[in-house]
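Presented below is the structure to which this report refers.
This one's a predicted model, so the numbers in the text were calculated from it and none came from an experiment. Basis for what follows: all heavy atoms, side chains included, without hydrogens, waters or symmetry-related copies. Letters A, B, ... mirror the listed sequences (proteins, then strands); counts begin at 1.
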Amino acid sequence: MKKYWLMKSEPNAFSIDDLSRCKDGTEPWDGIRNYQARNFMRDEMSVGDGVLFYHSNCPEPGVVGLAEVASDPYPDKTAFDPKSKYHDPKSNPEQPRWILVDVRFVEKFPRTVTLAEMRTVKILEEMKILQKGNRLSITPVRKKEYDRLVKLGRNG
DNA sequence: GCCAACGTTGGC
DNA sequence: GCCAACGTTGGC
């Protein structure tokens, strides 16, 4: 059963255009250091799941396009690298603490479905991203929410 | 830049 | 196990 996710990224650090330029449009979703987000990747994602790509912490936060889960879960190697900004000395290859999946670029919408616009759409009102104080960088999305956002994004 | 909300850490 | 202190996220 295909599932759907919203994944945040700061475009300053890694935008949807950056993803589209990666080899095969595919890149490990590294640097996640939150247990809930890790558990979604480790326990609940499957290859082919739909991903809404969300730009956060930027002038126009919102959903900018689509990606998909492109691998089974495996250890986040940046945690083992002392030179990485994501280094975690408590993680090691024998007992990796941080797990990720690869994400593949699917499409960039002709326009951004902004957070402000999302707040005006009744069918989206239960989305985690719209709840006060939510900071989780990976959240599950219902099919009806995903479908509506795709429609809004393509209708540019 | 501000600040509310949240997660993690560590002393006890 | 409690909880204060601290660091981070992210909209505005």
When the distance from [atom1] of [X] to [atom2] of [N] is rounded to whole Å, what number comes out?
{"X": "A:R135", "N": "B:dC6", "atom1": "CZ", "atom2": "C1'", "value": "4 Å"}
{"X": "A:N12", "N": "C:dT8", "atom1": "CG", "atom2": "C1'", "value": "16 Å"}
{"X": "A:N134", "N": "B:dA4", "atom1": "CG", "atom2": "C1'", "value": "13 Å"}
{"X": "A:Y54", "N": "C:dG11", "atom1": "OH", "atom2": "C1'", "value": "8 Å"}
{"X": "A:N34", "N": "B:dT9", "atom1": "CG", "atom2": "C1'", "value": "15 Å"}
{"X": "A:E10", "N": "C:dG10", "atom1": "CD", "atom2": "C1'", "value": "8 Å"}
{"X": "A:H55", "N": "C:dC12", "atom1": "NE2", "atom2": "C1'", "value": "19 Å"}
{"X": "A:M127", "N": "C:dG11", "atom1": "CE", "atom2": "P", "value": "13 Å"}

Rounded to the nearest 0.5 Å, how far apart are CE of A:M41 and CG of A:N34?
-> 9.5 Å
Nearest-0.5 Å distance that lies between atom CG in A:L19 and atom OG1 in A:T26 = 7.5 Å
Partner of A:F53 under ring pair (Phe, Tyr, Trp, His ring centres under 6.0 Å), chosen from A:F109, A:W29, A:F105 | A:W29
Answer yes or no: does a side-chain N or O of [X] lie under 4.0 Å from OP1 or OP2 of [N]?
{"X": "A:K8", "N": "C:dG10", "result": "yes"}
{"X": "A:K132", "N": "B:dA5", "result": "yes"}
{"X": "A:K90", "N": "B:dT9", "result": "yes"}

Which nucleotide wins on minimum distance to the side chain of [X], given the candidates [options]?
{"X": "A:Q36", "options": "C:dG11, B:dA4, B:dG7", "value": "B:dG7"}
{"X": "A:Y35", "options": "B:dA5, B:dT8, C:dG11", "value": "B:dT8"}
{"X": "A:L115", "options": "C:dG7, C:dC12, B:dA4", "value": "C:dC12"}

Ion pair check, A:R154 and A:E107, cut-off under 4.0 Å | yes
Single hit among A:R38, A:R97, A:R33 for side chain to side chain donor-acceptor pair (under 3.5 Å) with A:D76 | A:R33
